[in-house]
Amino acid sequence: MGLTRTIVNLAIKNQKIESFNTYLFVGPHPDDIEIGAGATVSKLIKLKKKVVFLICTDGRFGRDNLKEDLSEEQLIERRKEESIKSASYLGVCDVRFLNLCDGNNYKYEDLLMGIASIINDVKPDIIFGPDPDVSSECHKDHLNVGNAIKELGNFANYKDIFAHYLPKDTLVNNGIDVKAIALFMTNKPNKFVRTYGHFKKQINALYIHSSQYPKNDKATNAVVLYLKVRAVEYGFRTFCIPSEGFRMMNRTRMH
């Protein structure tokens, strides 16, 4: 198994995240993509890659740092507006929403069907989402989305199987060729993206989610500090500070 593991690891090592053409980033909540991979998104846009955002839940329970007296419906709309503005700032103009209820208040099958429908439409080469296998990850929405991406990333290339994830009578589009998945917020990264010149855009994009991350707020400053430390840590591994890290699996590793 040692030789097999080495060969598989070399196959991953020689494949750069920036080498693909079409990218689908899936966030459980508004702001998760920016935290997990905002600098990488900025770099991909500069490289003229096709990037699509999918936000799965409406973020209605993200009230911990909310400084305004907004109703639940007002907060949902506010977070959607912030998501579109933040994505636009990073250069992403295609933002999709599943509008599932925040806090695991939905059926897992509806999440699978929603993500599968977007995969069927976008036909991404690689899908990004949160790593559900981190031992400290306790948020059910993160776990659900991460596991859904792993499941769908594996089966997207099997037309007859993938059809069962789609709404009834929906045809599987030709040309779906998911080559890899990449998991952010991971503790076992195996691929790194040098993000020099893009880290500041990641922070500014995060600030656009002002309902959650108002500037000069103690909680916001803690998140920014975390991003800085992470960027330096991963930067040491790439000899380029800052960098972002992901746990990437190609088809061989997914199965």
Side-chain angles (χ1 to χ4, degrees), residues 17 20-42 44-45 49-59 62 79-80 82-84 86-88 90-104 106-134 137 139-157 162 165-166 173 176-186 189 191 193 202 205-206 209 244-250 254:
I17 282 181
F20 301 101
N21 295 311
T22 304
Y23 298 74
L24 175 61
F25 286 81
V26 185
H29 311 96
D31 72 51
D32 282 333
I33 296 172
E34 286 84 346
I35 293 173
T40 295
V41 170
S42 177
L44 293 174
I45 292 297
K49 305 293 186 175
K50 179 180 178 180
V51 178
V52 177
F53 279 10
L54 172 61
I55 299 167
C56 297
T57 71
D58 55 24
R79 298 204 72 184
K80 181 175 287 190
E82 290 172 349
S83 296
I84 293 170
S86 177
S88 178
L90 291 172
V92 178
C93 59
D94 191 346
V95 184
R96 317 283 182 95
F97 298 90
L98 294 186
N99 297 313
L100 297 173
C101 184
D102 192 6
N104 192 36
Y106 50 85
K107 293 180 180 179
Y108 181 67
E109 292 74 15
D110 291 338
L111 176 69
L112 279 172
M113 185 182 296
I115 297 175
S117 296
I118 301 301
I119 292 173
N120 193 45
D121 182 49
V122 174
K123 297 185 287 188
D125 298 313
I126 181 170
I127 306 170
F128 287 73
D131 191 341
D133 301 313
V134 176
E137 180 59 80
H139 200 307
K140 189 63 175 177
D141 291 331
H142 288 216
L143 294 169
N144 286 343
V145 171
N147 283 317
I149 288 168
K150 289 175 65 178
E151 183 174 347
L152 294 169
N154 179 49
F155 283 132
N157 302 295
F162 191 66
Y165 290 98
L166 297 171
N173 285 335
I176 297 180
D177 184 20
V178 177
K179 300 176 178 66
I181 61 175
L183 303 173
F184 49 71
M185 300 176 183
T186 183
K191 297 298 296 182
V193 177
Q202 179 180 29
L206 189 67
H209 292 274
E244 283 188 313
F246 306 90
R247 182 161 71 96
M248 190 173 95
M249 291 179 279
N250 59 13
M254 277 190 273

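The analysis underlying the following values was restricted to heavy atoms, covering all of them including side chains, and did not include hydrogens, waters or symmetry mates. For clarity, every value in this text was computed on a predicted model and none was experimentally measured.
For the atom pair CG of Asp110 and CD1 of Ile115, the computed distance is 11.0 Å after rounding to the nearest 0.5 Å. How far CD1 of Ile118 is from CG of Leu98: 6.0 Å, rounded to the nearest 0.5 Å. Here CE of Met249 is found 11.0 Å from CD1 of Ile127. Values are rounded to the nearest 0.5 Å. Rounding to the nearest 0.5 angstrom, the gap separating the CG atom in Leu152 from the CG atom in Asn157 is 11.0 Å. We find the OG-CG distance between Ser117 and Leu112 to be 10.5 Å, quoted to the nearest 0.5 Å. For the atom pair Glu244 CD and Thr186 OG1, the distance stands at 13.0 Å (nearest 0.5 Å).
For the pair Leu183/Pro132, a side-chain contact is recorded, criterion being any heavy-atom separation below 4.5 Å from C-beta on. Between Cys56 and Leu111 the shortest side-chain heavy-atom distance falls below 4.5 Å. You'll find the side chain of Asp58 stays beyond 4.5 Å of the side chain of Arg79, heavy atoms only. Looking only at side-chain heavy atoms (C-beta outward), Met254 and Ile181 come within less than 4.5 Å of each other. Using a 4.5 Å cut-off on side-chain heavy atoms (C-beta onward), Val134 and His142 make no contact. Side-chain contact between Leu100 and Lys107 is absent, with no heavy atoms from C-beta onward closer than 4.5 Å.
The nearest pair of heavy atoms linking Gly27 to Asp32 is CA-CB, 4.3 Å. Closest of all the heavy-atom pairs between Leu166 and Met113 is C-CG, 4.3 Å. A pairwise comparison of heavy atoms in Leu90 and Ile45 identifies O-CG1, 3.5 Å as the closest pair. A pairwise comparison of heavy atoms in Gly129 and Ile149 identifies CA-CD1, 3.4 Å as the closest pair. A pairwise comparison of heavy atoms in Asn173 and Asn120 identifies ND2-O, 2.6 Å as the closest pair. Across Ala156 and Ile176, no two heavy atoms sit closer than the pair O-CG2, 3.5 Å.
A distance-only check finds no donor-acceptor pair linking the side chain of Asp94 to the backbone of Val52 [under 3.5 Å]. Between the side chain of Asp125 and the main chain of Thr22, a donor-acceptor pair closer than 3.5 Å is present. Glu34 places no side-chain N or O within donor-acceptor distance of the main-chain N or O of Ala205, the cut-off being under 3.5 Å. Although no hydrogens or angles enter the test, the distance criterion places a donor-acceptor pair under 3.5 Å between the side chain of Asp141 and the main chain of Asn104. For Thr57 (side chain) and Pro28 (main-chain N/O), a donor-acceptor pair under 3.5 Å exists by modelled atom type. Judged by distance alone, the side chain of Asn250 and the main-chain N or O of Ala180 form no donor-acceptor pair under 3.5 Å.
For the 3.5 Å distance criterion, the side chains of Tyr106 and Asn99 fail to qualify, holding no donor opposite an acceptor. Side chains of Asn147 and Tyr108: no donor on one and acceptor on the other come within 3.5 Å.
Partners of Phe128 under the ring-ring contact (aromatic ring centres under 6.0 Å, His included) rule, at least two apart in sequence or in another chain, are Phe25, Phe246. By the ring-ring contact (aromatic ring centres under 6.0 Å, His included) test, His209 pairs with no residue at all, sequence neighbours left out.
Taking the six-membered ring where the residue is Trp, Phe162 and Tyr165 present tilted rings, their angle falling between 30° and 60°.
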Hey, mind stepping through Ile126 and Met248 against side-chain contact (heavy atoms from CB on, under 4.5 Å) and telling me if it holds?
CA-CA 9 Å; Ile126 181 170; Met248 190 173 95; 4.1 Å; yes
Test side-chain contact (heavy atoms from CB on, under 4.5 Å) applied to Arg96 and Ile55, step by step
CA-CA 6 Å; Arg96 317 283 182 95; Ile55 299 167; over 6 Å; no
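The cationic group of Lys80 lies under 6.0 Å from the six-membered ring centre of Phe97 and within 45° of the ring axis, placing it in a cation-pi geometry.
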